[in-house]
Amino acid sequence: MRTQLPLINTVHGRSALTCRFRCGDACFHPAPNTSSNPYVGDVIATALSRRSMMRAAAVVTVAAAAGTAGTVVTAPSAAAAQQVAGKPRPQGKTARGLRFAPVAPNTADTVTVPAGYSQNVVVRWGEPILRGAPAFDPEKQTAAAQAGQFGYNNDFLALLPLPGEKNRQVLVANHEYTDEVLMFRGYDAAAPTREQVEIAWAAHGLSAVVVEANNKNGALTVVPRHPLNRRVTATTEFRLTGPAAGSELLKTSTDPTGRKVLGTLNNCSGGTTPWGTTLHGEENFNQYFANASRATDKRYGIGTGASERKWERFDRRFDVAQEPNEVHRFGYVVELDPYDPSAAPRKHTALGRFKHEGATVRLTHDGLPVVYSGDDERFDYFYKFVGSKRMKHGSGRAVREHNLSLLDEGTLYVARLTGDSPALEIDGTGKLPADGEFDGSGEWIPLVTATAKGAVSHVEGMSAQEVCVFTRLAGDKVGATKMDRPEDIEPNPRTGKVYVALTNNTNRGVGANAPADEANPRGANKHGHILELTERWNRADSTKFAWTLFLVAGDPEDPATYFAGFPKDDVSPISCPDNVAFDPHGNLWISTDGNQLGSHDGLFGVATRGERRGELKQFLTVPTGAETCGPLVQDRRVLVAVQHPGEISGATVEKPASTWPDGPGKIVRPAVVAVWRKDGDDIGV
């Protein structure tokens, strides 16, 4: 029997401090989506019930009539279910890439890795990376210093090759948000100083920094003052591109062109493009803006009063009452060219405006870019963009400029999921539909198409520019399927199947909120789940797809969990999947955010094919209050971004909840960690 660890000062799986600074207490406000669109829970619940009866191994979660709480129907034990279904228990080896002793759930204030593995801190908040930047001193912080130092709360990570420089790569990191109470001694949230605000502006954004590998082990170290090192902050100039650029919706008093914007905010996850750039999703941008009043602002969760950080006191652009269009200039996918520190980053309006968790890219068979992105909000949607211009190969400037424009022309779609059974057969009891199926189907609904000659809206009553700026409303109008906080979406480079991480939604089926239905297995979903999508003919540009339930997270001993049919007595417990990535063998790696099982968050690997499909193993855990972000899994190294360590309610600089990474007496600092095998061999083989 597994030991249930006590929850540590959390609200819905997150520290209340996390809710406050990361997303502006989004879970404590009504969900912005009040449309009557179908709910993904409907589709999953029926699929799960079918699978449980077909294989006698999964869980059936059923919902009572609308407006009542759901109930759970238990299934046989994993071993018994295997026998009933006639499926032999897997006897072969664990999938290549996952052959390590799993880390046990724990609450240690450190990064815990498997036996036989080592680690090092690659770079911390405040480390100087630009020429002239001073060494970090938490008692003498300045905005000028922070603008040359590694930013705060690292999230998405990318490693790009650096031709001609042996053992070196370019590390690109997102800096999602700032925890002022953990950054500044004596911080007064009601009266922040201008210097504190400007330091926070400089701590947001992105960092590009060259790192060097140690030939004797897997450690990575920063190469300071390298000419490619760069900081992008909340005041860096960006280019707006795509259909909405230059529209009346994006013009402000300081930018009458509607084509230039200062800064990027709340960059969560992202992606690396085949043409050598990085993409970064602006997520909870709404929390930085104050004094909103329009219906469109409400749909994006923008508050009517003062903001948490009070930035509007120091720059009027954060006051919606004074600059109503400034907020329309955030919530996009940002593209950075790490090889050109002088190039202005771009915000791609063709990919829509919402709370982008990230943006991941694959190419069609004939070289068109396809970008997947989730809107990280309860009851919101996930999207796909299919470009209309082919990627070019080569290194010349003309080729580079062409490829940097690939995400400005194409069609943006939103997902609609449906079940394969008649509606009358979906009665909420978990009864097997007559067709005996346990999968579903879906379609990509077009929203807007952009070309070199202009853009066309596919949404009645909305212009192309309006679709790009108010994308959530466009999804409402076309009947997109409501999801449980769609976060990272990643295509498997080996199989082409697409995996959607749905972190949780504790409001599902509660009160007047949408009840559990065919596409979601549980009411008050606090653990989350993962969908597996297969594009028709395995073509990334298809407008049809099939879906199946891959993983329903939680304690394996809970009957409402499911691990792709793998015996549940032989997997690690997992809660709240967030970022996902693939290793060179095609295994899915999952980082968590807000573990509801009492353990610290961690990184997990799971096989996606073969007889051990669904075997999930925990690779590491992160320190107290931290979230596991930005996983990168290479042949011989795993990188994770340890975000917001010590972020526990009541914690301050004076009363820290964590002493990671530098020990007692030192300020807690978000950082990037590298992990490798002590014997120098590949990860998990």
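FYI, side chains are in, hydrogens and waters are out, and symmetry mates aren't considered; it's all heavy atoms of this structure. Everything quoted here is computed from the prediction, not taken from an experiment.
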Are there over 12 heavy-atom neighbours, none belonging to Lys389, within less than 6.0 Å of that residue's NZ?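 Counting other residues, nucleotides and ligands, NZ of Lys389 exceeds 12 neighbours.
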Here's a test for you: under salt bridge (Lys or Arg N to Asp or Glu O under 4.0 Å), which of Glu487, Glu282, Glu377, Glu176 qualifies with Lys355?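 Single pass found, and it is Glu377.
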Given 3.5 Å as the limit, does a donor-acceptor pair link the side chain of [X] with the main chain of [Y], or not?
| X | Y | result |
| --- | --- | --- |
| Asp555 | Glu557 | yes |
| Thr608 | Gly586 | yes |
| Ser591 | Asp578 | no |
| Asp541 | Val370 | no |
| Thr364 | Leu368 | yes |
| Ser457 | Met462 | yes |

Test side chain to side chain donor-acceptor pair (under 3.5 Å) applied to Asn579 and Glu357, step by step: CA-CA 9 Å; Asn579 298 146; Glu357 166 70 17; 2.8 Å; yes
Note: Glu443-Arg416 ion pair, threshold 4.0 Å (strictly below):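 Looking at Arg416 together with Glu443, the answer is yes, because their closest N to O distance falls below 4.0 Å.
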Carboxylate-amine/guanidinium contact Arg472 Asp375, below 4.0 Å: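 Salt bridge: yes.
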Give the minimum heavy-atom separation between [X] and [Y], together with the two atoms involved.
| X | Y | result |
| --- | --- | --- |
| Arg612 | Ala607 | O-CB, 3.4 Å |
| Phe330 | Arg353 | O-NE, 3.0 Å |
| Val571 | Gly614 | CG1-O, 3.9 Å |
| Thr503 | Pro577 | OG1-O, 2.6 Å |
| Asp155 | Cys629 | OD2-SG, 3.6 Å |
| Pro90 | Glu611 | CG-O, 3.4 Å |

Quickly, which of Asn505, Thr506, Asn504, Asp593 forms a side-chain hydrogen bond (donor to acceptor under 3.5 Å, both in side chains) with Arg485? Name it, please.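 The single option meeting the side-chain hydrogen bond (donor to acceptor under 3.5 Å, both in side chains) with Arg485 is Asn504.
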Would you say the side chain of [Y] lies within less than 4.5 Å of the side chain of [X], judging by non-hydrogen atoms?
| X | Y | result |
| --- | --- | --- |
| Val498 | Arg362 | yes |
| Thr471 | Leu412 | yes |
| Trp547 | Thr418 | no |

For Glu615 and Thr94, run side chain to side chain donor-acceptor pair (under 3.5 Å): C-alpha distance rounded to whole Å, both residues' side-chain angles, the deciding distance at 0.1 Å, then the answer. CA-CA 8 Å; Glu615 182 177 20; Thr94 294; 3.3 Å; yes
Within this structure, what is the [atom1]-[atom2] distance for the pair [X] and [Y], rounded to the nearest 0.5 Å?
| X | Y | atom1 | atom2 | value |
| --- | --- | --- | --- | --- |
| Leu616 | Asn587 | CG | CG | 10.5 Å |
| Leu603 | Gln618 | CG | CD | 8.5 Å |
| Cys576 | Leu502 | SG | CG | 11.5 Å |
| Asn174 | Asn266 | CG | CG | 9.5 Å |
| Leu407 | Arg346 | CG | CZ | 9.5 Å |
| Lys617 | Trp589 | NZ | CH2 | 9.0 Å |

Going through the checks in order, is the side-chain contact (heavy atoms from CB on, under 4.5 Å) test met by Ser373 and Phe385? CA-CA 8 Å; Ser373 190; Phe385 172 84; over 6 Å; no
What is the ring orientation for Phe285 with Tyr300, classed by angle as parallel under 30°, tilted 30 to 60°, or perpendicular over 60°?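 Correct class here is tilted.
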Per the ring pair (Phe, Tyr, Trp, His ring centres under 6.0 Å) rule, what does the pair list look like for residues 465-506, sequence neighbours excluded?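 Those involving residues 465-506 are His328-Phe470, Tyr499-Phe550, Tyr499-Phe582.
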Which residues share a side chain to side chain donor-acceptor pair (under 3.5 Å) with Asp488, sequence neighbours left out: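 Side chain to side chain donor-acceptor pair (under 3.5 Å) list for Asp488, sorted by chain: empty.
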Residues two or more places apart in sequence or in another chain: which of them pass side chain to side chain donor-acceptor pair (under 3.5 Å) with Asp476?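 For Asp476 the side chain to side chain donor-acceptor pair (under 3.5 Å) partners, ignoring immediate neighbours, are Arg299, Tyr381.
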Would Leu447 and Tyr383 satisfy side-chain contact (heavy atoms from CB on, under 4.5 Å), going step by step from the backbone distance to the final call? CA-CA 10 Å; Leu447 299 177; Tyr383 300 80; 3.9 Å; yes
State whether Phe545 and Lys497 meet the cation-pi test: NZ (Lys) or CZ (Arg) under 6.0 Å from the six-membered ring centroid, and within 45° of the perpendicular axis.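 Lys497 over Phe545 ring: no.
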Given Thr277 and Glu335, is the side chain to side chain donor-acceptor pair (under 3.5 Å) satisfied, shown in steps? CA-CA 7 Å; Thr277 62; Glu335 184 170 15; 2.6 Å; yes
Between Trp444 and Phe382 (judged by ring centroids, cut-off 6.0 Å), do the two rings come close enough to count as a pair?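 So the answer is yes for these two rings.
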Let's go through Thr451 and Ser388 carefully: what are the C-alpha distance in whole Å and the side-chain angles of both, what is the deciding distance for side-chain contact (heavy atoms from CB on, under 4.5 Å) to 0.1 Å, and is it a yes or a no? CA-CA 8 Å; Thr451 69; Ser388 57; 5.8 Å; no
Val606, Leu551, Val500 screened by side chain to side chain contact (heavy atoms under 4.5 Å, CB included) with Ile530, the one that passes: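 For Ile530, the side chain to side chain contact (heavy atoms under 4.5 Å, CB included) test succeeds with only one of Val606, Leu551, Val500, which is Leu551.
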Could you go step by step and tell me if Thr273 and Leu406 meet the side-chain contact (heavy atoms from CB on, under 4.5 Å) rule? CA-CA 11 Å; Thr273 71; Leu406 291 177; over 6 Å; no
For the pair Thr561 and Lys568, evaluate side chain to side chain donor-acceptor pair (under 3.5 Å) and give the outcome as yes or no after the intermediate values. CA-CA 8 Å; Thr561 58; Lys568 297 198 296 177; 3.0 Å; yes
